[in-house]
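This report concerns only the one structure given below.
Just so you know, these numbers use all the heavy atoms, side chains as well, and skip hydrogens, waters and symmetry mates. Order of the sequence lines fixes the chain letters, A, B, ..., with proteins taken first and strands second; residue numbering starts at 1 for each chain. As the structure is a prediction and not an experimental result, all values here were calculated from the model.
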Amino acid sequence: MRVAVVPGPGRAGLLCAVADNGEPLDQPATVSDLAAVVAERERSASVRWVWQSSALVYPRLLRAGVRVGRCHDIELTEALLLGRDETPDQPARLAAAAARVTGRPPRSEPASLLLAEPDGPPRLFDDPHLAGPADQAARAVLDDLIAVHASQQARIGADPQTPRFGVLTTAESAGGLVAAEMTAAGLPWRAEIHNELLTELLGPRPPAAAGPSARPGRLAELAAEISAALGAVRPVNLDSPAQLLRALSAAGLRLPSTRVSALRTVDHPVIPLLLRYKELSRLYTANGWSWLDTWVSGGRFRPEYIVGGVVSGRWATRGGGALQIPRVLRRAVVADPGWSLVVADAAQLEPRILAALAGDRAFAAAAARGDVYDAVADAIGADRAKAKVALLSAMYGGGGGDGGHSLALLRRRFPQASAFVEAAARAGEEGRAVRSVLGRTCPPPSAAWLSITGESGDPGHERDPDAGRASRARGRFTRNFVVQASAADWALVLLATLRTILARPGDPGAALAPADIAWPGGRPGPQLVFFQHDEVVVHCPASQADEVAAAVSMAAATATRLVFGPTEVTFPMTTAVVNCYSEAK
DNA sequence: TCAACAGGCGCG
DNA sequence: AAAGCGCGCCTGTTGA
């Protein structure tokens, strides 16, 4: 059963049951306490909530202590459909989508924005853009919702390209729920451990009175040592690559840039000091005390996750750089007393994805069990390191390290897998779109790209000297897209499946009902707290850790079946039950 | 004064 | 011959 829901004003909301094909099943009903009604329906029936966006609607329900099982996220779904139809520049917002469906001009956006404003007093009457009272505005949003939902159901059902596109839209919506729940739960983060680590590596935190440009002692010492080692008359600003490059040059070190890889190519007493400075400076500026002050509170780090924020379908985050937390800081991620962290990552995910995608029997056999790189090394008669570089080059478009010899062997030994990525590269070079296994579509070439390459990408007519470069760059992008985006498909389905297993009452996992996060005294259960491309972290009572680990394996097997159907390729998870994130792998 | 860009580096 | 994929966010520089 599907129920369209529009939140607001205030705690109220507007509901209307709809059929799978989107037809309204009864009259819209206003309820005064939306969260309470949602909770009641969740208990009594299996509902899929149809709403504008989980990012907009779900946090207020979570704050009221209410979780939902399933939803249809109109805006995430619209973005997938627009991508599929190769019109990704159209806005995916509900109002815009409704205008496309109905042919009417778009409703003024502030209406829905204000309606969705969580928990605040209804300010709708103050808004000059609004034509009428709040209930009329809610009704207008509901009408949009119902119209767009019906259209989306038809468009998903009519997918011409990918029979599994419906799996993608369902999983994307589930991802929206997970994202909001993970933000609400937060990643356990011990500020005092983080602080100790910073003090140990950088020295004490500079007092606020010392001003904003004051550096921790260790950084100031290193800077002085570096200036001295360079024989500089005046202190060099190490944070300015241009200044540093000039100072290096004056000391006889002519380098193409100041990046670590360039510094490592020369032998000079200043180099180790510079490398250490860069490492510590990065820690201080990106994840130092001010990061701690800004992003950690109440023992939790709560980034905002952006589902589908990357073109490949990977998630992005906003605030705190949550997907770039340096590994050294994992020491600060510690389970609550009596709880554990279950840390699981998909081993060698991308090569396995390629094996399953390409239908290459030899490559699939290599990825059927054990270590993919070992198996490939055996097959091409190289060592594991060379095999790994060659495989990554095949997926990224690189040169293969040792003059491409291993890459050539790879092409001969695994012709279908090679042909698969080569075909994706050629499509990109010619300006065509490519798709992930579930049908997520890469963006079309930009106008600038089309003009540089001469419209169709026809290699015979390329005049611009940058044309070849631009064409090959897009080829590398699409080559990688088919693998990275399909890996993101698989990981998203894993995440959605895991969420369902952890939450399902009545099954073997009954003990695993998730904690009611808004009620600290409520029944404890496992919580998804982190998701980073191919890795997931669950925070759970220690007694449930083994069950959670088993649930991860089940979810991986289910994801493999839903995404690829029958395949010889396995997707093993490396799972650790730990007290501290840094203890995993 | 501020926004946009470049260089750089963290993660996968 | 060389070059590889995707992000977020920090600082310094530049130019309106």
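As a whole-Å value, the separation of A:Met395 CE from C:dG6 C1' is 13 Å. As rounded to whole Å, 17 Å separates atom P of B:dC11 from atom CD of A:Gln484. At whole-Å resolution of the value, CG in A:Leu248 and P in B:dG8 are 11 Å apart. A:Gln324 has its CD atom 11 Å from the C1' atom of C:dG6, to the nearest Å. Per the geometry, CG belonging to A:Asp534 stands 19 Å off P belonging to C:dC5, to the nearest Å. Rounding to whole angstrom units, CZ of residue A:Phe481 and P of C:dC7 are separated by 10 Å. Taking atom OH of A:Tyr396 as the reference point, atom C1' of C:dC7 lies 12 Å away to the nearest angstrom. The CZ atom of A:Arg259 sits 13 Å away from the P atom of B:dA6 (whole-angstrom rounding).
Among the heavy atoms of the strands lying under 4.0 Å from A:Arg330 are primed sugar atoms or P, OP1, OP2 only; no base atom is included. Residue contacts for A:Gly309: at a heavy-atom cut-off of 4.0 Å it reaches no nucleic acid atom on any strand shown. Among the heavy atoms of the strands lying under 4.0 Å from A:Gln532 are primed sugar atoms or P, OP1, OP2 only; no base atom is included. Residue A:Arg327 is classed as a sugar-phosphate contact, given heavy-atom separations below 4.0 Å to backbone atoms only. Among the atoms of the strands shown, base atoms are found under 4.0 Å from some heavy atom of A:Arg314. A:Leu392 comes within 4.0 angstrom of nothing in the nucleic acid, heavy atoms only. No engagement by A:Val483 is indicated, since no non-hydrogen atom pair under 4.0 Å with the nucleic acid exists.
Of the two residues contacting DNA chain C, namely A:Ala473 and A:Gly321, the nearest-nucleotide position lying further toward the 5' end is that of A:Ala473.
Remark: the A:Asp239 side chain and the A:Tyr277 side chain contain an N/O donor-acceptor pair separated by less than 3.5 Å.
No side-chain heavy atom of A:Leu341 sits less than 4.5 Å from a side-chain heavy atom of A:Asn579. Annotation: side chain of A:Met395 is in contact with side chain of A:Leu354 (closest heavy-atom distance under 4.5 Å).
For A:Phe301 and A:Trp291, the distance between ring centers is under 6.0 angstrom.
Under 3.5 Å, the side chain of A:Arg318 and the base of C:dG8 form no donor-acceptor pair of N or O atoms.
A salt bridge is defined here as a Lys NZ or Arg NE, NH1 or NH2 lying under 4.0 Å from an Asp or Glu carboxylate O, and A:Glu583 with A:Arg330 fails to meet this definition. Between A:Arg302 and A:Glu181 there is no salt bridge, since none of the side-chain N atoms of the basic residue sits less than 4.0 Å from a carboxylate O of the acidic one.
In this structure, A:Arg479 and A:Tyr396 approach most closely via the heavy-atom pair CD-C, 3.8 Å. Heavy-atom minimum distance, A:Cys580 versus A:Val334: SG-CG2, 4.2 Å.
Cation-pi check for A:Arg474 over A:Trp449 is met; the charged atom lies under 6.0 angstrom from the ring centroid and within 45 degrees of its normal.
The side chain of A:Ala316 sits closest to C:dC7 out of B:dG12, C:dC7, C:dC5. Relative to the side chain of A:His533, the nucleotides C:dC7, B:dG12, B:dC9 differ in distance, and B:dG12 lies closest. Of the candidate nucleotides C:dC7, C:dC5, B:dG12, B:dG12 has the atom nearest to the side chain of A:Glu535. Among B:dG12, C:dC7, C:dC5, the nucleotide with an atom closest to any side-chain atom of A:Phe477 is C:dC5. Of the candidates B:dG12, B:dC11, C:dC7, B:dC11 carries the atom nearest the A:Pro326 side chain, counting heavy atoms from C-beta on.
For A:Ser312 and C:dC5, the shortest distance from a side-chain N or O to OP1 or OP2 is not below 4.0 Å. Taking only side-chain nitrogens and oxygens, A:Lys278 never comes nearer than 4.0 Å to OP1 or OP2 of B:dG8. Between A:Thr258 and B:dG8 there is a side-chain N or O to OP1 or OP2 distance below 4.0 Å.
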What pattern of brackets, bars and dots sums up DNA chain C from 5' to 3', given Watson-Crick or G-U wobble pairs under 3.5 Å, [ ] for crossing pairs and | for another strand? ....||||||||||||
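Taking the six-membered ring for Trp and thresholds of 30 and 60 degrees, A:Trp289 and A:Tyr284 have ring planes more than 60 degrees apart, a perpendicular arrangement. The aromatic rings of A:Phe414 and A:Phe363 sit tilted relative to each other, their planes meeting at an angle between 30° and 60°.
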The contact string for nucleotides 10-15 of chain C, one letter per nucleotide 5' to 3', using protein heavy atoms under 4.0 Å with B, S and - for base, sugar-phosphate only and none, comes out as SSSS--
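When the C1' atom is compared between C:dA2 and B:dC9, the two are found 23 Å apart, to the nearest whole Å.
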